[in-house]
Amino acid sequence: MVRFNKCSRSLLIISLSGLNAPQKQAAEVIEGPLLILAGAGSGKTRTITYRIAHMVDNFHIDPKTILGVSFTNKAAKEMRERVVTLLGRRRSRGLTLATFHSLGVKILKQDIDKLGYQKNFSIYDTSDQLALIREAMKIYKADKSFDRKRVLMKIGQMKNKGISSNDFADSPYFDDEDPYDHVTLFAYEYYQDKLRFFNAIDFDDILFLVVRLFRENPDVAKKYSETFQYIMVDEYQDTNPLQFELIRGLTMTHDNLCVVGDDDQAIYSFRGADISNILEFERVFPKAKVVKLEENYRSTTPILQLANKVIAENKARRAKTLWSQKASSQLPILWKMADTDHEAAVVIEEIVQHQAAGKHLGDIALLYRSNTQVQPLEEQLRLSEVPYAIIGGQKFYEKKEIKDLIAYLCLILNPADQISLRRIFNIPNRGIGTVTLEKFLKLAEEKQLSLYQTLINFPDIAEKRSHSVQNFTQLIQQQRESFSKRRLPEAIQNLIEQIDYLKFVEKQHDAPKQVERRKNDIMQFIESAERFEKYHGAGGNILKHFIERLLLQDSQDNQEEEDDHDDDVRKNQVTLMTYHSSKGLEFPIVFMIGVEEESLPHKRTISQGEDISEERRLCYVGITRAQEKLVMTYCKERKIYGKMVDRHPSRFVLPFLEQGLMLHQDRTTFGHLSVEEAEKYKKDFFQSLMDDLES
DNA sequence: TCGTCCGGCGTTTTT
DNA sequence: CGCCGGACGA
C-alpha cells in the first residue's frame, strides 16, 4: 500500500493495518470485479468501509464516483456513519450510499418522463395494488376461488425477473395449462395500464422502470455508468434478476464492481432473490477475484461449531467454515417445554433472573420464525414488567389513519391518482358510496378522463349527491393551495381540521384506548412532517419528497430518529423479532423460540414439497446472532390458531444434540435443577400462575 | 348507504 | 383464536 504524508490539516492517513489478512486483501482490490464472501460476523462492514476510505484517501478517487448500494436504509446509514468516522465529513462528501429503491427513485425523478409517466407519480403499496387486482379480476369475471394475493405475487415475480406484461405470455414462466397464469396475464396487463393512467408506480416498478429505461435508452444507462465508476453491492445474495440487470447497466462502461455477501444467509428467495447471482459470480465476471472472510469476531467457538454443522447439510453452497478465537465451555442448549405458555413463562423467568442480577436487558434477543409466536411471550413480559421492544409488525404508514392522510396528500399532488381518490372519496363519510362512484367511473371510462377530472366536469350526474361531490373537489383544490402556501406540518394540521378527521376516528371505534392510539399516530404523523421539514428544508417539492420518504423508509428508522445519539448503546429492553429481521444484528444472549418441525422448517415449506434449504439458512442466521449464550426451545404441544397440536424438535438441530454439540434440558420435569432448586422453582412458578389468575 | 354478521384463512417481507 | 372481506338486511 502506498503511504504518503498529506497536508498537515489531514487528520490521518487511512491505514489498513487494523484489518486481518483477507479483509486487507479485499480492501486493496479497487479495480475490476471482486466478490467478498463474508461469513456471519466476519467484519464485513468494517472491510467495505475501510475499502472506501482507502480508495478516497490513498488513491485519491473522487467520492462522487463511488456508489454503494444496500437493501435497507439502516445499512446505508450505518455505512455512511462509519465512512465518515474514518474520513471525516468533508472528505466523504459526494459519496452515494443508497438503497436500491432510493437510487431507483433518484433516477426516475430525472428520467421517468421518457417512459410516459409524469414526475409527480404516486407510489402504491400492497393494499393499493390489491385494490387494482380485485378490479381486474372482477372485469375478467374470474372465479372467486382465485386468490388475489397469489396473482399479485406472480406479477411481482415477473417484474423482478424483468418480464413485462407484453412478454409474459411468451416467457417460460407462462403455463398455458395453468388457469392462474391466464388470470394473471389479464390482470398484469390491466394493472399496468391502470398504473400508467393513474400516473402511479409500485415498489417493484421503481426498479423495473429503471431497467426499462436502461434497456430503451442505453445512453441513459451510459450516463449513470460514467458517473459511478466504482460500484459496491451489499447483501449480494439477496439480489434478484432485476437488480442484477440494474447493476449490469451501471457497469456498462467499466467492470469496477465489488459485491459482498454470504450465500448461507440468503433468506429472501420468496421475494424473488436469486442465490445464483452470488454462486455464479465468477462465471458472469471471469476476471473476478474472490476473497473469503471466515474469521468470526462475534460468537464463541461452540456456537460456531453448531452453526457450521447445521449449514453444512445444505448442498448448493460455497464451502465456508467460520472460526473464532473466543473459546468457551458453554454449549448451546435445547430446552424442552410443555406448551407455549410454559415456554414463555420459563424463558421470561430466565430473563427476570438476568435482570435481577443487575445485567443489561439489551443483551437479550428472542427470535422466532413467525410473528404469530409473539403473543404469549409479550403477555408474559408484560406480566413480569420486563421492558421489551417488538421489531417489525405493522409499518407506520400501513396504519389505516396514516394511509388515509397519505391518500389525501397523494391526490393533492397527483390528481390522476385514482386509487388514492377512491380511498378517501367517502372518508370521512360524505354520503358518496359505491353507486355514485360507479357512475363516475363509467363516465370517466367513456370520456377517457381521469376520475378526478370527471368529478369536476360532470358533478351533476351524481344527482342528489352532486353537491357533496362539488364540495369534495373544492376541498382538494383548496388544499392544493394550502399546501403550496403553508409549512408542511401546518398544512397537514389544517387538512385534518378541514375534514374533521379526528371526529371521524372517534366515530369509527368504540374502545377509547383504540381512539387514543390512533389519534396518537396522527400526532406522530404531523411530528414526522415537522422533523422532515426541519431536516429537508421547506420549499421545492417538499410534499412529494415527504411522501416518498414515508414510503421508502423502514418503520424502525422512523422511531429511532429521536434518540439517534445513543445509537451504539442499546436500550435496557429485551428485543423480540423474526429471524428475517435479525439478519446483521448480534446479541450476547439469544433465545430461539420454537425450534420445531413445522415451525422451523415452516409447515408451508414442507407441505409445498419445496426445498427446505432456505429454512435451514434461517436457522443458521438465528444461531449466528448469538455472541455468548444460545438457548433454543421446543414445545411438546403448541396452540396454533386456537388448537393444540403435537410438536417435535426441528430436524435442523436434532442430529447435533446426539453428537453432543448441544445440551438438552427437559424443563417440563425441572430436570435441569437440583431437587431443592426444583422444589423452589415449582413453588414460585405456581405462585406466579396463581397471581396471574387473580389479576 | 351503512352497519352487522358469518365464513374462510392464517410465514417470512429490508423497499 | 382473531382478522378481513363479502353478503345481506335496515
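We use all heavy atoms of the structure for the numbers below, so side chains are in, but hydrogens, waters and symmetry mates are not.
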Point to revise | salt bridge (charged side-chain N to carboxylate O under 4.0 Å, His left out) against A:Arg271, all qualifying residues, sequence neighbours excluded | key: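 Testing A:Arg271 for salt bridge (charged side-chain N to carboxylate O under 4.0 Å, His left out), a comparison that skips the adjacent residues, returns none.
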Exercise for review: Could I get the full list of salt bridge (charged side-chain N to carboxylate O under 4.0 Å, His left out) partners for A:Asp521, not counting sequence neighbours?
Suggested key: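 Checked A:Asp521 against salt bridge (charged side-chain N to carboxylate O under 4.0 Å, His left out); matches are A:Lys399.
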Practice item. Could you tell me whether A:Arg134 contacts a base, only the sugar-phosphate backbone, or nothing, with contacts defined as non-hydrogen atoms closer than 4.0 Å? Key: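 Here A:Arg134 touches the backbone only, sparing every base.
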Review point. By side chain to side chain donor-acceptor pair (under 3.5 Å), which residues pair with A:Glu378, not counting sequence neighbours?
Key: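 A:Glu378: side chain to side chain donor-acceptor pair (under 3.5 Å) contacts with A:Tyr388.
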Study note, to complete from the structure: In short, salt bridge (charged side-chain N to carboxylate O under 4.0 Å, His left out) pairs touching residues 198-207 of chain A with sequence neighbours left out are A:Lys159-A:Asp202, A:Lys159-A:Asp205
**Study point:** Selection residues 423-437 of chain A - residue pairs positive for salt bridge (charged side-chain N to carboxylate O under 4.0 Å, His left out), sequence neighbours left out
**Key:**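 Qualifying pairs, neighbours excluded: A:Asp404-A:Arg423.
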Point to revise | Test of ring centre spacing under 6.0 Å for A:Tyr501 and A:Phe504 | key: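 Under 6.0 Å, so yes.
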N/O contacts under 3.5 Å, protein versus nucleotides 2-6 of chain B?
residue, atom, partner, partner atom, Å
B:dC2, OP1, A:Asn429, ND2, 3.4
B:dC2, OP2, A:Asn426, ND2, 2.8

Revision key, fill the gap. A:Lys603 NZ to B:dC9 C1', in whole Å, measures 12 Å
**Study point:** Range on DNA chain C touched by chain A - first to last nucleotide, heavy-atom distance under 4.0 Å
**Key:** C:dC1 to C:dA7
Exercise for review: Identify, residue by residue, the members of residues 262-277 of chain A with a heavy atom below 4.0 Å from DNA chain C, and return them in order of residue number, or none.
Suggested key: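 Within this stretch, nothing sits under 4.0 Å of the strand.
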Check your understanding: Residues two or more places apart in sequence or in another chain: which of them pass ring pair (Phe, Tyr, Trp, His ring centres under 6.0 Å) with A:Tyr224?
Key -> none
Exercise for review: Kindly write out the residues that satisfy ring pair (Phe, Tyr, Trp, His ring centres under 6.0 Å) with A:Phe425, not counting sequence neighbours, or none if the list is empty.
Suggested key: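 Only A:Phe472 meet the ring pair (Phe, Tyr, Trp, His ring centres under 6.0 Å) criterion with A:Phe425.
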Exercise for review: Go through the structure and list residues passing side-chain contact (heavy atoms from CB on, under 4.5 Å) with A:Ala338, not counting sequence neighbours.
Suggested key: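 Listed in chain order: A:His342, A:Thr668.
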**Study point:** Set of residues satisfying side-chain contact (heavy atoms from CB on, under 4.5 Å) with respect to A:Tyr180, sequence neighbours excluded
**Key:**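 By the side-chain contact (heavy atoms from CB on, under 4.5 Å) rule, A:Tyr180 matches A:Phe146, A:Asp147, A:Arg150, A:Val151, A:Asp178.
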Review point. Phosphate oxygens OP1/OP2 of B:dT1: is one of them under 4.0 Å from a side-chain N or O of A:Thr436?
Key: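 Yes, because at least one side-chain N or O of A:Thr436 sits under 4.0 Å from OP1 or OP2 of B:dT1.
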